[in-house]
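Structure below; questions to follow.
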Amino acid sequence: MFGVWDKIVNFVKKLEYCMDIFESEIKHLRDELNKHNYNYYVLNAPTISDKEFDDMMKRLEELEAAHKEFADPLSPTMRVGSDLTQGFVQVEHERPMLSLSNTYSIGEVEDFIRRMKSALQGDSNLEIVGEMKFDGTSISIIYEHGRMMRAVTRGDGVRGDDVTVNVKTIRSIPLVLHGNDYPERFEVRGEILMPWKSFDALNKEREYNEEPLLANPRNAAAGTLKTLNPAEVSRRGLDAYFYYLLGDNLPFKTHYESLMAMKRWGFKVSDAVRVMATVEEVKQFIDYWDVERKKLEIATDGLVFKVNDFQQQRFLGSTAKSPRWAIAYKFQAEQALTKLKFVSFETGRMGVITPVANLEPVLLSGTVVKRASLHNEDIIRQLDIHDGDYVYVEKGGEIIPKIVGVDKSKRQEGSRPVEFVKNCPVCGTPLVRNEGEAAWICPNRYGCRPQITGKIEHFVGRKMMNIDGIGEETAEQLYAVGLVKNVADIYDLTDDKLTIVGRIGELTSRRILRGIEASKSVPFERVVYALSIPNVGETVAKKLAFATATMENLMNSTVEELTSIDEIGEIIAENVVAFFKEPRNQEIVRRLNAAGLQMAVSEEAKAAMSDKLAGKSIVISGVFEHHSRDEYKKMIEMNGGKNVSSISKKTDFVFAGANMGPSKLEKAKSLRIPIIGEDEFLKMIGQ
């Protein structure tokens with residue numbers, strides 16, 4: 001009996017020993033991954049390879065999955081975020097988040113410094129800290145015992161949205177602090193940003209998916225932070241810089257000391273911070289960054305000047321809107337002059353020929369600009385661009401570069417106007433231009449390489465069939481080796497076939513094949529969108545899918561039948577009919593059907609459809625409790641309504657959640673547009 005008991009005791013001891021080892025390894029991996037995240041995202045100085053980092057992360061994920069008793073919401077594995085959140089709760093700030101007064105000239109900054117000296121009277125020891133003014137969205141984060149507790153947006157300065165779940169996914173923000181000399185509880189404030197690289201990639205993706213381009217990184221960062229999908233937030237590559245520390249009984253006498261401490265604890269603090277004692281130093285600081293800011297990887301729109309001494313800050317105090325001891329200096333809008341090397345012409349997936357200005361490289365708003373779209377022949381004529389001209393380049397609202405003018409005083413004698421091509425630059429087919437349209441088009445839809453590969457890339461996109469692993473380069477490779485000549489060929493791919501394509505390894509091959517299999521469950525309306533029917537974007541595809549119910553009905557519809565569908569005009573209807581009359585497209589649809597794609601609206605979707613909102617134009621605004629904004633937009637469409645982005649006299653009502661935009665609220669009231677809440681809307685559609 002005692003022998004059995006001894007064995008049980010020994011087994012338990014061994015089990016406890018193993019658990020201690022697992023707990024120790026989990027803690028070690030978390031510490032190491034946090035350190036390497038800091039090295040990579042804050043210091044920009046990685047000390048291990050991506051593969052080594054990924055291997056450590058994979059091991060930690062395995063251990064955490066096997067030992068849920070050691071779970072930690074601040075583990076590095078939580079950085080990716082889940083794909084669901086229930087919305088944001090409004091939280092009152094512990095201390096109001098005030099805005100800064102703006103200045104636009106060095107003279108006004110000088111006036112600010114004179115006012116500070118005058119207010120401080122006999123205290124001649126005035127130091128000014130100069131910092132970058134980051135162009136992002138403000139954030140306040142509370143830390144307790146070295147761990148992130150809560151992150152809240154600025155909101156109206158008094159209350160903001162609790163976005164902790166999204167902020168955790170931003171890798172440059174510490175979840176657990178370094179060192180041990182931080183206060184037990186404190187608040188840091190900073191700016192969440194979207195770097196130019198992430199912004200350009202996101203806009204390129206949106207442009208390809210025929211979505212409106214984001215105006216600037218500031219709007220992109222703010223919109224991303226309020227996305228009800230932490231996994232999407234993680235994917236977009238946000239960054240953050242911190243510039244202010246608040247708390248009770250902080251152990252620092254100056255703002256600069258606190259910034260350096262924040263750096264030690266793992267926060268990303270700008271290297272541009274400088275302590276200055278004279279007006280001349282401040283002028284030099286402004287002149288330096290007016291030029292050097294253009295080399296930064298993030299958007300800035302000015303500088304901030306603060307009184308350094310905390311005791312002086314307290315003495316100077318604040319107005320109702322802004323602190324008296326700080327001021328913002330705004331840079332002038334940026335424009336650059338550079339030489340046009342040549343104009344190239346590119347063919348898109350729908351055959352549209354886009355002229356592109358290839359420029360002598362010039363630094364503009366943080367990125368080196370070498371190319372800028374000229375859009376179409378009419379724009380070239382309006383600008384009167386000649387070969388070798390010097391042109392003005394601008395990032396209007398920090399959007400993609402555009403040519404805004406020509407310096408004709410620098411034009412070379414005898415230079416000729418830029419001529420638009422007459423034939424497709426890839427396949428040589430004569431171009432056509434439809435009456436009333438600005439674009440020249442290559443009509444060789446089924447034999448022009450960029451049109452074919454573009455349609456393949458579109459088909460696999462996130463909002464279409466969502467087949468991960470096939471991007472622009474892979475689509476080109478699959479076409480070049482003859483594996484994918486049209487979108488139906490994707491469903492004939494196998495592991496053996498993919499391995500003959502350069503740069504497609506075993507893991508990528510598996511990812512592609514998993515994506516192909518999963519795409520067979522993608523709803524019918526996305527299949528319609530994925531086909532690249534001319535003039536049929538995401539919204540029109542939904543209209544067509546729900547109105548016709550099946551692919552067979554859609555293929556057999558006449559122009560008259562299609563134009564009877566709400567918002568489907570004659571041009572769209574004619575394009576749809578012409579598309580399905582083409583035998584090659586009929587064969588593609590037949591093969592996609594045989595592969596198992598969804599060729600009809602699901603019974604579940606049919607059951608959810610009604611005409612309860614038929615003919616109504618609805619603006620949706622704010623944050624909701626029961627469903628996400630995207631889910632509500634889908635409900636509006638399923639019940640016959642129309643989602644519109646801006647309020648006008650034609651708007652039937654505004655569907656408002658918490659934190660509705662103040663400008664929309666004001667406009668709705670001025671136009672006497674009804675505003676309804678979440679519960680009222682759900683009753684309206686019978687839920």
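Treat the numbers as computed from the prediction; the structure is a model and nothing was measured.
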Original post:
Donor-acceptor pair, R584 side chain versus I588 backbone, under 3.5 Å?
Top reply: no
Original post:
Rounded to the nearest 0.5 Å, how far does CG of L238 lie from CZ of R236?
Top reply: 8.5 Å
Subject >> Distance-minimising heavy-atom pair for T429 and C427 >> reply: OG1-SG, 3.1 Å
**OP:** Ignoring hydrogens and angles, state whether a donor on the side chain of N639 or S610 is under 3.5 Å from an acceptor on the partner side chain.
**Re:** yes
Original post:
Is there a donor-acceptor pair under 3.5 Å between the side chain of Q586 and the backbone N or O of F580?
Top reply: yes
Original post:
What are the two closest heavy atoms between A299 and P217, and how far apart are they?
Top reply: CB-CG, 4.1 Å
Subject >> Those residues that, when tested against A600, pass side-chain contact (heavy atoms from CB on, under 4.5 Å) (two or more places apart) >> reply: T550
Subject >> Spacing of CG belonging to N219 relative to CG belonging to D135, to within rounding of 0.5 Å >> reply: 8.5 Å
Original post:
Would you say the side-chain atoms of T453 pair up with the backbone N or O of R449, donor to acceptor, closer than 3.5 Å?
Top reply: yes
Subject >> Distance under 6.0 Å and angle within 45° of ring axis: R293 vs F331 >> reply: yes
Original post:
About how many Å separate CD1 of I647 and CZ of F653, when rounded to the nearest 0.5 Å?
Top reply: 12.0 Å
**OP:** I would like to know whether E637 and K542 meet salt bridge (charged side-chain N to carboxylate O under 4.0 Å, His left out); could you show each step before the answer?
**Re:** CA-CA 8 Å; E637 291 169 351; K542 286 179 183 176; 3.3 Å; yes
Subject >> Side chain to side chain, I512 and D468, heavy atoms closer than 4.5 Å >> reply: no
Original post:
Salt bridge check: are R433 and D378 linked by an N-O gap of less than 4.0 Å?
Top reply: yes
Original post:
L597 and K520: side chain to side chain contact (heavy atoms under 4.5 Å, CB included), yes or no, with the steps?
Top reply: CA-CA 4 Å; L597 273 66; K520 296 174 184 178; 4.3 Å; yes
**OP:** Test K133 against D301 for salt bridge (charged side-chain N to carboxylate O under 4.0 Å, His left out), laying out the working first.
**Re:** CA-CA 6 Å; K133 185 177 185 299; D301 59 353; 3.5 Å; yes
Original post:
Atom NZ of K422 and atom CZ of F345: how far apart are they, to the nearest 0.5 Å?
Top reply: 9.0 Å
Subject >> Short N-O contact, R590 and E587, less than 4.0 angstrom >> reply: yes
Original post:
Between N166 and L225, what is the shortest heavy-atom contact and its length?
Top reply: ND2-O, 2.8 Å
Subject >> Validation row: S373, T354 side chains within 4.5 angstrom (heavy atoms) >> reply: yes
Original post:
Hey, mind stepping through E377 and R381 against salt bridge (charged side-chain N to carboxylate O under 4.0 Å, His left out) and telling me if it holds?
Top reply: CA-CA 6 Å; E377 185 180 24; R381 297 290 160 262; 3.7 Å; yes
Subject >> Taking every non-hydrogen atom, the tightest pair across T300 and F134 >> reply: CG2-CD2, 4.3 Å
**OP:** Give a yes/no verdict on a cation-pi contact between K463 and Y529, requiring under 6.0 Å between NZ or CZ and the six-membered ring centre and an angle within 45° of the axis.
**Re:** no
**OP:** Determine whether I618 and F655 make a side-chain contact, defined as any pair of heavy atoms from C-beta on separated by less than 4.5 Å.
**Re:** yes
**OP:** Report yes or no: is the cationic atom of K330 (NZ for Lys, CZ for Arg) closer than 6.0 Å to the six-membered ring centre of Y104, at no more than 45° off its axis?
**Re:** no
Original post:
Hey, does the side chain of E191 reach the backbone of G136 with a donor-acceptor pair shorter than 3.5 angstrom?
Top reply: yes
Original post:
Does D492 offer a backbone N or O that forms a donor-acceptor pair with the side chain of K497 under 3.5 Å?
Top reply: yes
Original post:
R526 side chain to M464 main-chain N or O, any donor-acceptor pair under 3.5 Å?
Top reply: yes
Original post:
So which of K408, R411, K339 actually passes side-chain contact (heavy atoms from CB on, under 4.5 Å) with D389?
Top reply: R411
Subject >> Identified side-chain contact (heavy atoms from CB on, under 4.5 Å) partner of I353 from the options N376, L431, N423 >> reply: L431
**OP:** Grab the two heavy atoms, one from I568 and one from V540, that are nearest each other, plus how far apart they are.
**Re:** CD1-CG1, 3.7 Å
Original post:
Less than 4.5 Å apart, any side-chain heavy atom of T548 and any of S557?
Top reply: yes
Original post:
Would you say the side-chain atoms of Y446 and N486 include a donor-acceptor pair closer than 3.5 Å?
Top reply: no
Original post:
Which pair of non-hydrogen atoms, one from C442 and one from Q451, has the smallest distance, and what is that distance?
Top reply: O-NE2, 3.2 Å
**OP:** Would you confirm whether N575, through its side chain, and I571, through its main-chain N or O, come within 3.5 Å as a donor-acceptor pair?
**Re:** yes
Original post:
Is there a donor-acceptor pair under 3.5 Å between the side chain of D239 and the backbone N or O of M194?
Top reply: no
Original post:
Side-chain contact, heavy-atom cut-off 4.5 Å: P523 with Q598?
Top reply: no
Original post:
Atom CG in L498, atom CD1 in I516: separation rounded to 0.5 Å?
Top reply: 6.5 Å
Subject >> Step-by-step side chain to side chain contact (heavy atoms under 4.5 Å, CB included) determination, R462 to E232 >> reply: CA-CA 12 Å; R462 191 166 51 90; E232 178 67 11; 3.8 Å; yes
Subject >> Donor on one side chain, acceptor on other, R218 and T137, under 3.5 Å >> reply: no
Original post:
Sub-3.5 Å donor-acceptor pair from the side chain of S509 to the main-chain atoms of E506, do we have one?
Top reply: no
Subject >> S409-Y390 side chain donor-acceptor pair, cut-off 3.5 Å >> reply: no
**OP:** Under the side chain to side chain contact (heavy atoms under 4.5 Å, CB included) rule, what do V460 and N466 come out as? Steps first, then yes or no, please.
**Re:** CA-CA 5 Å; V460 301; N466 196 25; over 6 Å; no
Subject >> Among R349, K455, R445, the one residue meeting side-chain hydrogen bond (donor to acceptor under 3.5 Å, both in side chains) with S532 >> reply: R349
**OP:** Report the C-alpha distance between R371 and E346 in whole Å, list the side-chain angles of each, state the deciding distance to 0.1 Å, and finish with yes or no for salt bridge (charged side-chain N to carboxylate O under 4.0 Å, His left out).
**Re:** CA-CA 12 Å; R371 289 158 54 87; E346 299 180 356; 2.5 Å; yes
Original post:
Would V406 and D384 count as a side chain to side chain contact (heavy atoms under 4.5 Å, CB included) if you check the C-alpha gap in whole Å, the side-chain angles of each, and the deciding distance to 0.1 Å?
Top reply: CA-CA 8 Å; V406 176; D384 186 28; over 6 Å; no
Original post:
Taking atom CD1 of I441 and atom CE of M350, what is their separation to the nearest 0.5 Å?
Top reply: 8.5 Å
**OP:** For the pair N444 (side chain) and G447 (backbone), establish whether a donor and an acceptor sit closer than 3.5 Å, ignoring hydrogens and angles.
**Re:** yes
Original post:
Is the shortest distance from a Lys or Arg side-chain nitrogen in E205 or R235 to a carboxylate oxygen in the other one below 4.0 Å?
Top reply: yes
**OP:** Answer yes or no: is there a side-chain heavy-atom contact under 4.5 Å between L531 and F579?
**Re:** yes
